[in-house]
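For the single chain, residues carry numbers from 1 onward in sequence order. The structure displayed is predicted, hence computed values, not measured ones.
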Amino acid sequence: MALVNHTGPFDFVIFGATGDLSRRKLLPAFLRRFHAQEFSDDAQIICVARTELNTEQFREQTEVALREFAPETAQDEQTLQHFLGLLTYITLDALQPGGEWRALKSLLTAEDRPRVFYLATAPSLYSPLCEALARHHLINQHSRVVLEKPIGINLETARAINQGVGQFFPEESIYRIDHYLGKEGVQNILALRFANPVLEKLWSSEAIAHVQITAAETVGVGSRGSYYDESGALRDMVQNHLLQVLCMVAMDAPASLRSDDLRNEKLKVLNALRPMTPDMVRRNVIRGQYVAGEIKRQDVPGYNEDLGKNRASNTETFVAIRTKIRTARWGHTPFYLRTGKRLATKTTEIVIQFRPQVWPIFTNMPSPGRLVIRIAPREELSFVMAVRDPGAGGFRVRNAKLGMSYENAFSVTYQDSYERLLLDAVRGDPALFIRRDEIEASWQWIEPILNSWRHAMTPLEPYPAGSWGPASTRALLARDGALWHEDMLT
């Protein structure tokens with residue numbers, strides 16, 4: 001069988017293999033890439049968890065999950081059964097010494113192939129797991145470790161995790177995953193900017209009035225309630241995903257596409273973010289929590305009802321932040337970050353709002369042009385610009401949209417972000433993973449917001465499910481004479 005973009009033989013060990021992440025994302029991603037012939041049956045995927053199962057039982061459970069979360073691919077019965085044959089399951093409590101480690105070691109005998117340890121576990125287990133891997137002599141020169149978010153809950157815990165894992169793996173072998181960086185729409189930001197000189201020349205405060213980065217969900221917390229109530233929207237979405245997208249939008253051109261060149265430029269953006277003093281937090285940060293409302297003509301409960309707890313929670317499900325980047329390129333352009341659950345529409349998008357004409361010659365000048373980069377649920381690019389209205393008398397102008405769907409333009413269905421990132425870890429390409437100093441710089445910027453909230457300096461505002469968040473979010477932009485994207489469309 002001829003293989004396309006073939007990845008050579010590898011050993012991939014998933015700790016926490018019976019958890020939701022493995023069932024919903026990791027194993028379906030591997031099945032799709034196996035079906036696409038990006039790796040063959042000389043690969044070994046070892047699934048490790050504390051649950052008492054044998055390999056056959058685990059394969060049966062995985063088959064059910066694959067038919068649910070990768071239904072199109074799982075229809076190919078031959079490929080599905082072939083893939084299931086690559087899986088081996090080991091029952092192992094990582095915090096308990098015992099013979100289970102010998103079983104894992106017996107499977108990892110090839111010293112000349114990539115060996116990836118994926119820690120889909122609680123962050124508190126990252127350092128103990130790495131210590132156990134070293135103690136049992138399972139780390140070799142071809143080993144890498146992949147860490148899922150969250151990397152800590154604040155700067156202190158993030159540093160502790162980085163130091164703990166760093167005792168056993170060199171920095172170049174630590175892959176901190178942020179699945180947003182695996183999204184095609186996020187990666188396309190680099191091509192859009194640096195492969196189109198005409199856009200790059202406009203990419204600064206001189207031409208851009210403001211930038212909006214939104215990650216909106218219509219769902220509530222669902223089965224993640226216990227985790228989410230300890231985390232909240234700021235830790236869950238802003239500290240990692242939205243700040244990484246902001247870096248891709250705002251970074252200067254890297255010297256090359258090598259991983260450290262890319263990450264050096266992202267780090268410069270994080271370090272240039274205007275510090276969040278308590279006064280800045282009061283004036284530039286909005287936090288909210290959804291209450292009962294209606295989405296798609298269906299009544300949905302509020303956050304506290306979703307949690308099913310007897311007490312009211314103070315956890316935010318919505319955050320909006322206004323910030324600036326202290327560089328010559330961006331000094332006069334506010335950036336707005338917004339994320340929330342139970343909002344009106346599911347979308348992840350970037351809106352680049354251009355400045356108006358300094359001295360317009362048209363009497364009915366519409367709103368200034370904007371570039372919209374849609375990352376999810378479908379990757380799209382649209383440019384709103386003024387054109388002459390052909391149906392009007394005299395010389396009137398109105399806005400029109402030039403649009404492109406990546407799926408339609410290239411006749412492809414884009415991969416789930418994990419598909420790209422899992423095989424990047426196997427291939428040893430860290431470009432779309434996060435370096436230690438990036439993690440710590442993002443926490444350093446986020447932590448003053450958390451500290452201000454701890455002292456009740458920012459109220460928790462309710463917003464009805466199905467809305468666009470607290471009413472005060474409009475005032476956040478109104479200070480700059482700006483509107484949220486959905487308000488531009490009405």
- prompt: Ion pair present between Lys149 and Asp236, side-chain N to carboxylate O less than 4.0 angstrom?
  reply: yes

query: Given Asn304 and Ser313, is the side chain to side chain donor-acceptor pair (under 3.5 Å) satisfied, shown in steps?
result: CA-CA 6 Å; Asn304 290 296; Ser313 170; 4.8 Å; no

statement: Residues Glu230 and Arg235: closest non-hydrogen pair is O-NH1, 3.9 Å

field: His485 and Leu489, any side-chain heavy atoms less than 4.5 Å apart
entry: yes

- prompt: Is the number of heavy atoms from other residues, nucleotides or ligands under 6.0 Å of Glu294 CD greater than 12?
  reply: yes

message: Using the rule given for side-chain contact (heavy atoms from CB on, under 4.5 Å), can you reason through Phe318 versus Leu343, listing the C-alpha separation, both sets of side-chain angles and the distance that settles it, and then say yes or no?
response: CA-CA 9 Å; Phe318 176 96; Leu343 296 182; 4.0 Å; yes

task: Find the distance between CD1 (Ile325) and CG (Leu270) and round it off to the nearest 0.5 Å.
output: 9.0 Å

message: Is the ring pair Tyr290/Tyr303 parallel, tilted or perpendicular, if the boundaries are 30 and 60 degrees?
response: perpendicular

message: Just verifying a value: how many Å separate Leu125 CG and Leu95 CG, rounded to the nearest 0.5 Å?
response: 5.5 Å

- request: Working to the nearest 0.5 Å, report the span between CD1 of Ile151 and CD of Glu438.
  value: 12.0 Å

query: Taking everything shown except Arg329 itself, do over 12 heavy atoms lie less than 6.0 Å from its CZ?
result: yes

- prompt: Is there a side-chain contact between Arg436 and Ile174, using heavy atoms and a 4.5 Å cut-off?
  reply: no

statement: Rounded to the nearest 0.5 Å, the CD atom of Glu217 sits from the OG1 atom of Thr317 at a distance of 10.5 Å

- prompt: Relative to each other, are the rings of Phe30 and Phe10 parallel, tilted or perpendicular (30° and 60° limits)?
  reply: parallel

message: Does this structure show an ion pair linking Arg435 with Glu265, if we count only N-O contacts that are shorter than 4.0 Å?
response: no

message: Please give me the minimum heavy-atom distance between Val426 and Val116, naming the atom from each residue.
response: CA-CG2, 4.0 Å

pair Phe194-Leu257: side-chain heavy atoms closer than 4.5 Å: no

message: I need the Ile439 CD1 to Asp178 CG distance, nearest 0.5 Å.
response: 8.0 Å

query: Should Glu172 and Asp260 count as side-chain neighbours, where that means a heavy-atom distance under 4.5 Å?
result: no

task: For the residue pair Ser442 and Gln239, confirm or rule out a side-chain donor-acceptor distance under 3.5 Å.
output: yes

message: Show the nearest heavy-atom pair for residues Ala17 and Cys47, with the distance to one decimal.
response: CB-CB, 3.4 Å

task: Output the distance between atom CZ (Arg374) and atom CD (Glu380), rounded to the nearest 0.5 Å.
output: 5.5 Å

- prompt: Under 3.5 Å, side chain of Trp203 to main-chain N/O of Val249, donor-acceptor pair present?
  reply: yes

Heavy-atom pair with the smallest gap, counting every atom of Gln212 and Leu483: NE2-O, 2.7 Å

query: After noting the C-alpha distance and the side-chain angles of Arg454 and Asn451, does the key distance pass the side chain to side chain donor-acceptor pair (under 3.5 Å) rule?
result: CA-CA 5 Å; Arg454 194 174 298 117; Asn451 291 338; 2.5 Å; yes

query: For Arg378, does the CZ atom sit with more than 12 other heavy atoms under 6.0 Å from it, leaving out its own atoms?
result: no

Within-4.5 Å side-chain heavy-atom neighbours: Met276 and Ile321: yes

- prompt: Ion pair present between Glu171 and Arg176, side-chain N to carboxylate O less than 4.0 angstrom?
  reply: yes

query: Any chance CZ of Arg326 has more than 12 other-residue heavy atoms, nucleotides or ligands included, within less than 6.0 Å?
result: yes

message: Using every non-hydrogen atom in the two residues, find where Leu181 and Gln244 come nearest and quote the distance to one decimal.
response: CD1-OE1, 3.4 Å

field: Heavy atoms from other residues, nucleotides or ligands near CZ of Arg193 exceed 12 (cutoff 6.0 Å)
entry: yes

Nearest atoms (heavy-atom pairs only) where Pro28 meets Ser22: CD-O, 3.6 Å

message: If we ignore hydrogens and angles and just use 3.5 Å, is the side chain of Ser417 paired with the main-chain N or O of Lys183 as donor and acceptor?
response: no

- request: Apply side-chain contact (heavy atoms from CB on, under 4.5 Å) to the pair Leu273 and Leu243, showing each step before the final yes or no.
  value: CA-CA 10 Å; Leu273 286 170; Leu243 284 184; 4.1 Å; yes

task: For the residue pair Pro150 and Tyr227, establish whether any side-chain heavy-atom pair is separated by less than 4.5 Å.
output: yes

- request: Taking only Lys NZ, Arg NE, NH1 and NH2, and the carboxylate oxygens of Asp or Glu, determine whether Lys268 and Asp252 approach each other closer than 4.0 Å.
  value: no

query: Can you say whether the rings of Phe117 and Phe15 are parallel (under 30°), tilted (30 to 60°) or perpendicular (over 60°)?
result: tilted

query: Got Val285 and Trp453 here, is their nearest side-chain heavy-atom distance under 4.5 Å?
result: yes

message: What verdict does the side chain to side chain donor-acceptor pair (under 3.5 Å) test give for Arg338 and Thr214, after you've listed the backbone C-alpha separation in whole Å, the side-chain angles of each residue and the deciding distance to 0.1 Å?
response: CA-CA 5 Å; Arg338 176 177 60 163; Thr214 295; 3.2 Å; yes

query: Does the pair Tyr118 and Glu148 meet the rule for a side chain to side chain donor-acceptor pair (under 3.5 Å), with working shown?
result: CA-CA 8 Å; Tyr118 197 111; Glu148 261 290 341; 2.7 Å; yes

message: Regarding Arg370 and Glu349, does a basic nitrogen lie under 4.0 Å from an acidic carboxylate oxygen?
response: no

- request: Check whether any side-chain heavy atom of Leu381 lies under 4.5 Å from a side-chain heavy atom of Asn188, and answer yes or no.
  value: no

